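Contents: one structure, followed by commentary.
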Amino acid sequence: MPWLYLLLALAAFAVAFKTTSMLLAVFCLLAALGLLLAWVMGLLAERVGSQSRDDSQMLDPQEMRRLREQAEARRQGADSAGDPPGA
């Protein structure tokens with residue numbers, strides 16, 4: 001979608017350079033500026049969106065509690081196996 005803004009901005013520049021009306025040229029240049037800003041913002045939004053974490057991968061409190069219990073059980077199992085903690 002952001003590339004559409006770039007194409008529209010280029011078209012607005014072309015109209016601004018080809019027209020003989022000063023009012024139309026100013027309007028087209030302002031439109032091209034706005035479309036270029038929209039293009040840059042769209043590219044930035046896509047980049048930020050691609051680097052954000054997926055919400056489905058976040059752990060809820062119950063899952064965190066279950067993982068802590070498993071880690072504690074593993075730690076207790078290793079301690080009861082006779083391994084000295086400092087060795």
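This is a predicted model, so every value here is computed, not measured. Note: hydrogens, waters and symmetry copies are ignored here, and every other heavy atom, side chains too, is used.
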Would you please name every residue forming a side chain to side chain contact (heavy atoms under 4.5 Å, CB included) with [X], sequence neighbours left out?
{"X": "T20", "result": "none"}
{"X": "E69", "result": "R65"}
{"X": "Q70", "result": "R66, L67, R74"}
{"X": "M64", "result": "L59, R68"}

Report yes or no: does S80 contribute a side-chain atom to a donor-acceptor pair with the main-chain N or O of G77 at less than 3.5 Å?
->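 Checking the backbone N and O of G77 against the side chain of S80, a donor-acceptor pair under 3.5 Å is found.
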Could you note down all residue pairs passing ring pair (Phe, Tyr, Trp, His ring centres under 6.0 Å) where residues 12-34 supplies at least one of them, sequence neighbours left out?
->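 Ring pair (Phe, Tyr, Trp, His ring centres under 6.0 Å) check on residues 12-34 returns no pairs.
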Counting only pairs under 3.5 Å, give me each side-chain donor-acceptor contact of residues 28-47, with atom names and distances, residues two or more places apart or in other chains.
none

Is there side-chain contact between Q76 and D79, with at least one heavy-atom pair below 4.5 Å?
-> no
